[in-house]
Amino acid sequence: MTEKNRKPSVRLVSTISGAHTLVRRSHEERVLRVLQRFGALSRGEIASRVGLSRTTVSEITTELLARGAITVVDTDASERAGSGRPAERLALDPGSGQYLGVDFGHRRVNVAVADAAHEIIATGTARYPESARWPERMSAAFALVERLRVNNGVHYGALQAVGVGVPGWGDRSWADGVAEAFVDRFHASVIVDNNVRFAGLAEALHSHPDTVNNLIYLRLSDGVGGSLVVDGRLVRGATSFAGELGHVTVAEAGAAACRCGKRGCVETFASAPAILARCRAVGAPVETIDDLRAAVAIAHPGVERVLRDTGAVIGRVLGAAAMTLNPSEVVISGEVVDVSPTLVQQVAATITYELSWQPEMAPVVRAAVLRDEGGALGAVAALFHESPLLKSYPEAARDPSGGRTSTTKEHIMAGSVVKVGGVR
């Protein structure tokens with residue numbers, strides 16, 4: 001047989017294997033959903049409710065038991081008539097962490113753990129100095145994951161996949177090391193992407209269905225980043241930098257230097273540290289977000305002016321973005337937003353002014369529903385790959401054979417997504 005004749009058969013085998021994996025995963029999800037809805041059930045009851053054969057259900061539940069996703073809670077001996085062998089009753093293991101979402105900010109890491117039914121069972125935050133290098137940040141993340149295990153009774157023996165959000169600006173070649181570290185630690189598939197994109201995904205999933213199709217998300221934290229939903233899709237862009245609104249230049253002469261190397265970026269005006277510094281410059285004793293909250297509560301005039309100026313800067317940038325993308329909703333998040341309704345009001349007013357020539361273009365502008373945990377929750381959501389928002393989003397690499405031994409890697413340029421196979 002010639003080489004030309006061999007290739008189609010290889011592709012056919014690969015396609016069949018991939019289809020089998022998808023069917024198997026779909027069957028697993030149906031079993032898990034039934035257990036989530038109805039509680040403990042026997043294998044026969046599961047088969048009846050999901051419409052699969054008992055043989056198929058037996059194979060699936062055996063694998064789920066081995067992974068720790070489900071557990072045997074009792075038997076039907078007390079309800080059973082006759083002398084037949086009692087049937088085991090199975091239920092979701094409430095302490096089995098199946099999916100892990102991690103969001104690395106400039107000065108903190110957030111972690112969320114979800115079970116087999118896609119319910120969040122543990123969340124937490126750990127802080128580190130902005131100067132911390134990646135080994136220190138990784139150590140903080142792993143220590144936090146361990147604390148969640150101890151404090152919440154969670155175990156990771158059946159962990160299926162990890163989503164890791166990282167800051168999106170600059171050289172991210174170190175993302176390879178981040179992905180590999182989580183693979184080595186948990187022997188699970190890993191995806192790495194922009195942490196604000198994950199946060200925007202989480203917010204979009206919590207949004208009203210009429211507005212989620214077109215949305216701009218902006219997070220004001222230790223840095224400033226954005227995320228875009230266009231025509232119902234989470235947009236990554238040609239080199240995965242879509243939504244980097246924090247590095248739009250808004251001033252040049254005498255402007256502060258930004259971490260990206262330019263001057264006068266939105267981040268130099270609207271990040272939490274920049275806002276606190278500008279409040280101090282007008283005489284307000286504001287060192288922390290709690291101090292800012294106290295100053296807002298007494299309507300400190302200097303602080304009010306800083307927040308309105310910040311809102312105007314953000315509003316002009318978002319107004320330009322709104323003219324380009326025509327979103328139906330603009331969502332702003334971050335600790336500063338949580339303590340300052342004035343800022344969001346000024347953003348909305350400025351966007352309205354920028355679009356006054358076409359008032360029907362004006363989007364709804366609101367504060368985020370989710371707080372700082374949004375990035376970790378979005379990382380978990382990306383692992384589920386269930387929403388139409390993720391239709392064109394790359395899935396975590398999976399080993400179709402079901403083994404834990406492969407280490408396949410796919411790199412998408414700019415270091416935004418690193419996928420490492422070897423799940424289960």
Side-chain angles (χ1 to χ4, degrees), residues 168 194 196-221 224-238 240-251 264-267 269-271 275 304-334 336-371 374 378 381 387-393:
N194 182 291
V196 180
R197 184 170 296 121
F198 282 149
L201 169 63
E203 194 64 40
L205 290 171
H206 281 76
S207 188
H208 192 280
D210 291 340
T211 61
V212 74
N213 282 338
N214 293 280
L215 177 146
I216 298 176
Y217 173 87
L218 190 74
R219 181 163 74 176
L220 315 180
S221 187
V224 174
S227 179
L228 307 176
V229 174
V230 178
D231 284 340
R233 305 278 185 89
L234 185 67
V235 175
R236 300 177 60 251
S240 203
F241 284 107
E244 280 291 354
L245 298 172
H247 296 284
V248 174
T249 302
V250 292
C265 293
V266 172
E267 187 169 300
F269 284 85
S271 68
I275 290 172
E304 289 287 312
R305 185 167 63 253
V306 166
L307 292 171
R308 290 199 177 278
D309 289 347
T310 302
V313 168
I314 294 170
R316 286 194 292 272
V317 171
L318 290 177
M323 280 188 276
T324 304
L325 299 172
N326 191 205
S328 30
E329 190 164 290
V330 170
V331 180
I332 309 171
S333 76
V336 175
V337 175
D338 294 339
V339 304
S340 175
T342 296
L343 190 148
V344 178
Q345 293 164 5
Q346 184 62 56
V347 170
T350 304
I351 291 176
T352 298
Y353 175 76
E354 292 291 323
L355 300 177
S356 58
W357 62 281
Q358 197 75 20
E360 64 268 25
M361 287 179 61
V364 173
V365 180
R366 65 171 177 83
V369 174
L370 302 171
R371 294 180 181 269
S387 169
L389 287 164
L390 295 164
K391 186 173 180 181
S392 59
Y393 191 86

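Starting from 1, each residue takes its place in the sequence as its number. It should be emphasised that the depicted structure is a prediction, and the values quoted were computed from it without experimental measurement.
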[atom1] of [X] to [atom2] of [Y]: how many Å apart, nearest 0.5 Å?
{"X": "Ser328", "Y": "Asn214", "atom1": "OG", "atom2": "CG", "answer": "5.0 Å"}
{"X": "Thr352", "Y": "Met361", "atom1": "OG1", "atom2": "CE", "answer": "12.0 Å"}
{"X": "Ser271", "Y": "Glu267", "atom1": "OG", "atom2": "CD", "answer": "5.5 Å"}
{"X": "Asn213", "Y": "Glu329", "atom1": "CG", "atom2": "CD", "answer": "11.0 Å"}
{"X": "Leu355", "Y": "Met323", "atom1": "CG", "atom2": "CE", "answer": "6.0 Å"}

pair Val306-Ile275: side-chain heavy atoms closer than 4.5 Å
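Side-chain contact under 4.5 Å: yes.
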What I'd like to find out is whether the side chain of Val330 reaches to under 4.5 Å of the side chain of Leu215, using heavy atoms alone.
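Side chain of Val330 against side chain of Leu215, heavy atoms only: no contact under 4.5 Å found.
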Minimum heavy-atom separation for [X] and [Y], please, with both atom names.
{"X": "Gly378", "Y": "Leu201", "result": "O-CD2, 3.5 Å"}
{"X": "Ile314", "Y": "Ala270", "result": "CD1-CB, 3.8 Å"}
{"X": "Leu389", "Y": "Ala204", "result": "CD1-CB, 3.8 Å"}
{"X": "Glu244", "Y": "Asn194", "result": "OE2-ND2, 3.3 Å"}
{"X": "Ile216", "Y": "Ala322", "result": "CD1-N, 4.2 Å"}
{"X": "Arg219", "Y": "Ala199", "result": "NH1-CB, 3.9 Å"}

Would you say Thr249's side chain and Cys265's backbone share a donor-acceptor pair under 3.5 angstrom?
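Pair absent, no side-chain N/O of Thr249 close to backbone of Cys265.
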Would you confirm whether Arg197, through its side chain, and Gly243, through its main-chain N or O, come within 3.5 Å as a donor-acceptor pair?
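Such a contact is absent between Arg197 side chain and Gly243 backbone.
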Among pairs that include at least one residue of residues 306-318, which meet side-chain hydrogen bond (donor to acceptor under 3.5 Å, both in side chains), considering only residues two or more places apart or in two chains?
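Listed by first then second residue: Arg278-Thr310, Arg308-Gln346.
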Quick one: salt bridge (Lys or Arg N to Asp or Glu O under 4.0 Å) pairs with a partner in residues 336-357, sequence neighbours left out?
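Every pair satisfying salt bridge (Lys or Arg N to Asp or Glu O under 4.0 Å) with a residue in residues 336-357: Asp338-Arg371.
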Can you list everything that forms a side chain to side chain donor-acceptor pair (under 3.5 Å) with Ser356? Sequence neighbours excluded, please.
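Checked Ser356 against side chain to side chain donor-acceptor pair (under 3.5 Å); zero matches.
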Only counting residues at least two apart or in another chain, list the ones meeting side-chain contact (heavy atoms from CB on, under 4.5 Å) with Val250.
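Val266, Phe269, Val313, Val317.
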Ala320: partners by side-chain contact (heavy atoms from CB on, under 4.5 Å), with sequence neighbours left out:
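Applying side-chain contact (heavy atoms from CB on, under 4.5 Å) to Ala320 gives none.
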Distance-only check: which donor-acceptor pairs under 3.5 Å involve side-chain atoms of residues 224-233, not counting sequence neighbours?
none

Of Val365, Leu325, Val248, Val347, which meets side chain to side chain contact (heavy atoms under 4.5 Å, CB included) against Leu318?
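Output: one option passes, namely Val347.
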